[in-house]
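Heads up: the structure comes next, in structure tokens.
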Protein chains: 2
Amino acid sequence: MSLQRNQDMSHQPLYLQIKEALKKQILDGDYAPFERMPSESQLMKSFDVSRITVRQSLRDLHAEGLIFTSQGKGTFASKPKAMQDVQHLEGLSEAMTPKGYETSARLLSIREVKPSKDVQENLNINGKEGAIEVVRVRYLNREPISVDTSYFPIAVGQKLFARDLSGDIFPLLENELRVPLGRADVSLEARSADSDTAKLLDINVGSPIMWVQRLTHDSSGKPVDYEYLAFRGDAYKYRFQIERDPSRNSGFNEVIK
Amino acid sequence: MSLQRNQDMSHQPLYLQIKEALKKQILDGDYAPFERMPSESQLMKSFDVSRITVRQSLRDLHAEGLIFTSQGKGTFASKPKAMQDVQHLEGLSEAMTPKGYETSARLLSIREVKPSKDVQENLNINGKEGAIEVVRVRYLNREPISVDTSYFPIAVGQKLFARDLSGDIFPLLENELRVPLGRADVSLEARSADSDTAKLLDINVGSPIMWVQRLTHDSSGKPVDYEYLAFRGDAYKYRFQIERDPSRNSGFNEVIK
DNA sequence: TATTATTACATGTTATATCAAGTTAGTTTC
DNA sequence: GAAACTAACTTGATATAACATGTAATAATA
């Protein structure tokens with residue numbers, strides 16, 4: 001296994017490279033659920049790194065739930081997480097498209113920018129690469145309801161310059177640019193509108209807005225779109241259903257033995 | 001600072017002892033949010049351990065969201081945000097406890113009331129029946145983060161009078177009152193704090209709050225708890241993942257983006 | 001044969017030591 | 001005075017080393 005070592009720029013830490021390599025193997029099914037993985041000393045040899053570096057990789061994988069360890073026994077691939085149902089999606093789309101209303105978008109700007117720390121971390125790019133920023137205002141029945149600020153990696157984002165961005169970007173990505181979309185991480189919080197946002201949304205400064213951060217990945221798990229969505233508080237409601245988790249178990253050590 | 005070292009049995013690893021000591025300091029408010037904490041070398045001296053041990057403690061605290069670091073600058077106490085997962089139905093303290101936060105609740109009132117239209121419809125009771133109203137302020141790390149107003153049908157609610165309501169109500173319902181919980185309907189929106197809420201949450205009137213309505217059913221589908229949760233906007237974040245449904249090309253992609 | 005040591009190997013914990021890289025404040029230089 | 005340099009911090013990454021502790025298979029023993 002060859003790692004990109006510290007000779008020039010543009011390299012990731014060894015432990016991250018190892019983590020990604022192992023992660024890929026697990027996700028590719030090279031290790032079946034509950035199958036034992038190579039021991040730390042084996043990994044040290046095959047990657048030619050110290051134990052600390054190996055353990056740092058394993059710790060990250062553990063934190064992501066991809067592996068678990070058992071002292072004296074070894075390290076094992078986890079059972080892959082069950083897919084979430086799609087009920088959330090239904091709730092969100094329902095909130096977004098009340099029947100009989102039309103949505104549209106107005107493009108404010110599209111340009112290459114030096115990405116902020118937050119954008120860098122989420123898109124997994126370094127500060128030297130640029131990112132493509134797209135700012136739009138979205139309307140529901142002629143009324144502004146959100147300001148969307150999206151960041152794309154250069155490779156993907158450059159293709160957007162020549163496209164019509166007055167509609168939806170996701171179908172454009174999927175159908176025209178052939179970027180298969182996968183998981184998205186979303187967070188919601190209530191904030192106050194700053195003056196720019198307030199002006200665009202036609203509300204008073206300080207009015208409540210729903211602040212949404214969403215990181216969308218392609219089907220291989222690579223980030224393709226990180227965005228901030230500022231929704232007018234009085235025009236946005238997020239509905240969904242959740243199930244009580246009946247299994248309150250702890251730890252998988254029992255499973256092995 | 002004296003640590004229990006490896007002389008006999010019944011001791012915890014040094015890094016865990018250090019982690020707990022620092023955690024206590026943070027939760028006790030010895031370090032204000034965003035305040036710089038002692039550097040790694042200072043911690044090495046004061047605890048008389050190696051840097052690796054200190055860093056292991058800090059890594060755990062970081063994973064729990066209690067601190068954040070900035071290379072070259074230092075390590076800082078976080079302003080903790082309550083985060084809940086949408087996948088499962090759980091109360092706040094259930095969600096937060098495994099992440100290293102301390103939660104508590106203060107009971108403001110519990111009484112029988114004539115239910116509002118909204119409560120009647122959601123609990124599926126008529127205006128002649130009463131309902132039990134429980135109002136509480138919930139705290140995270142000693143700071144108020146939400147005002148919870150819950151309504152229960154008489155049958156369930158009466159049993160709550162004799163109970164300790166300073167913790168989470170869900171486990172109480174399930175374990176002590178033997179009410180098996182099932183699905184819940186939830187909605188989130190951003191609102192402004194009214195004067196009562198603002199006073200209880202120690203924020204200014206008009207500050208953004210996350211307004212949550214939640215209707216919880218038992219496992220047979222009968223409503224058992226309808227509640228309004230007013231979260232401080234700066235202390236609450238709702239986070240979840242969604243999967244793209246490959247079988248359907250419409251869905252959330254088109255709607256949102 | 002059944003039990004007990006032994007041994008080999010697994011992860012867990014901790015120490016010491018470098019070098020890299022980001023930040024800050026002071027000092028020098030132009 | 002402003003810009004550049006430097007020194008002294010900070011956290012980040014990585015190597016080598018040792019011992020503790022848990023597990024499993026094998027060998028020795030009762």
Side-chain angles (χ1 to χ4, degrees), chain A residues 3-20 22 31 34-63 67-78 114 116-117 120-121 126-128 251-257, chain B residues 1 3-20 22 31 34-63 67-78:
Chain A
L3 300 181
Q4 195 180 352
R5 262 179 157 93
N6 187 3
Q7 67 267 21
D8 51 90
M9 47 161 283
S10 79
H11 73 284
Q12 276 198 309
L14 298 178
Y15 79 92
L16 280 182
Q17 296 180 46
I18 294 169
K19 176 196 142 190
E20 289 304 323
L22 294 175
Y31 302 110
F34 304 127
E35 183 183 337
R36 233 199 81 184
M37 303 188 58
S39 73
E40 294 179 358
S41 50
Q42 285 176 303
L43 291 173
M44 285 171 68
K45 279 176 205 154
S46 64
F47 286 106
D48 190 27
V49 295
S50 74
R51 190 162 166 229
I52 281 198
T53 304
V54 166
R55 283 178 67 80
Q56 197 154 350
S57 310
L58 295 179
R59 190 180 46 236
D60 279 14
L61 290 171
H62 179 78
I67 61 171
F68 63 93
T69 57
S70 180
Q71 190 175 357
K73 287 184 186 170
T75 302
F76 302 84
S78 292
K114 182 179 179 306
S116 69
K117 269 271 161 54
Q120 282 180 42
E121 282 170 13
N126 61 51
K128 299 188 184 74
F252 349 93
N253 289 348
E254 307 89 279
V255 180
I256 306 297
K257 184 133 190 183
Chain B
M1 193 49 96
L3 300 180
Q4 195 181 353
R5 251 166 167 106
N6 187 4
Q7 65 269 21
D8 51 273
M9 47 166 286
S10 81
H11 73 285
Q12 275 199 309
L14 298 178
Y15 79 92
L16 281 182
Q17 297 180 45
I18 294 169
K19 177 196 143 191
E20 289 305 323
L22 293 175
Y31 302 111
F34 306 127
E35 183 182 339
R36 233 198 83 184
M37 303 187 59
S39 73
E40 294 179 357
S41 52
Q42 286 176 303
L43 291 173
M44 285 171 68
K45 279 175 204 152
S46 65
F47 287 106
D48 190 28
V49 295
S50 74
R51 186 156 170 233
I52 280 199
T53 303
V54 166
R55 283 176 66 81
Q56 196 154 351
S57 310
L58 295 179
R59 191 178 45 234
D60 279 15
L61 290 171
H62 179 79
I67 61 170
F68 64 93
T69 57
S70 180
Q71 191 174 354
K73 283 188 188 166
T75 302
F76 304 83
S78 293

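Naming: A, B, ... by sequence-line order, numbering from 1 per chain.
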*Expressed in angstrom and rounded to an integer, what is the separation of Leu14(B) atom CG from dA15(C) atom C1'?*
11 Å
_Using the side-chain hydrogen bond (donor to acceptor under 3.5 Å, both in side chains) criterion, which residues pair with Gln56(B)? Sequence neighbours excluded._
none
*Separation of atom CG in Asp48(A) from atom C1' in dT14(D), rounded to whole Å*: 12 Å
*Phosphate contact (dT14(D) OP1 or OP2) by Tyr15(A) side-chain N/O below 4.0 Å*: no
*dA13(D) P sits how many Å from Arg55(B) CZ, rounded?*
7 Å
_Nearest to the side chain of Thr69(A), heavy atoms from C-beta on, is which of dA15(D), dG12(C), dT14(C)?_
dG12(C)
*Send over the distance from Lys45(A) NZ to dA10(C) P, rounded to a whole Å.*
8 Å
*Can you sort out the partners of Ser39(B) under side-chain hydrogen bond (donor to acceptor under 3.5 Å, both in side chains), two or more places apart, ordered by chain and number?*
Ser41(B), Gln42(B)
_Over all strands shown, is Arg59(B) touching base, sugar-phosphate only, or nothing at heavy-atom distances under 4.0 angstrom?_
nothing
*asked:* Just to verify, what does Lys73(B) make a side chain to side chain contact (heavy atoms under 4.5 Å, CB included) with, not counting sequence neighbours?
replied: Ser70(B), Phe76(B)
*Starting at atom CD1 of Ile18(B), determine the distance to atom P of dT14(C), rounded to an integer number of angstrom.*
8 Å
Contact list (N/O, under 3.5 angstrom) for nucleotides 22-25 of chain C vs protein:
{"residue": "dG22(C)", "atom": "N2", "partner": "Gly72(B)", "partner atom": "O", "Å": "3.2"}

*Separation of Phe47(A) atom CZ from dA15(D) atom C1', in whole Å?*
18 Å
*side-chain hydrogen bond (donor to acceptor under 3.5 Å, both in side chains) partners for Ser57(B), two or more places apart*: none
*Check whether the side chain of Arg51(B) and the base of dG12(D) form a donor-acceptor pair under 3.5 Å.*
yes
*Could you state the atom-to-atom distance from CZ of Arg36(A) to P of dC9(C) in whole Å?*
12 Å
*Under the side chain to side chain contact (heavy atoms under 4.5 Å, CB included) rule, collect the residues that match up with Glu35(B), sequence neighbours excluded.*
Tyr31(B), Ala32(B)
_Nucleotide of dT14(D), dT14(C), dA10(C) approaching Ser50(A) most closely (side-chain heavy atoms)_ = dT14(D)
*So which one's nearest nucleotide on DNA chain C is more toward 5', Gln56(B) or Met44(B)?*
Gln56(B)
*Spatial distance of atom OG1 (Thr53(B)) from atom CG (Asp48(B)) [nearest 0.5 Å]*: 10.5 Å
*asked:* Please compare Thr75(B) and Ile52(A) by the position of their nearest nucleotide in DNA chain D and report the one closer to 5'.
replied: Thr75(B)
*Between Met44(B), Arg59(B), Lys45(B), which is the residue that forms a side chain to side chain contact (heavy atoms under 4.5 Å, CB included) with Val54(B)?*
Met44(B)
*May I have the distance from Glu40(A) (atom CD) to dC19(D) (atom P), rounded to whole angstrom?*
19 Å
*Taking only side-chain nitrogens and oxygens of Ser41(A), does any of them come within less than 4.0 Å of OP1 or OP2 of dA10(C)?*
yes
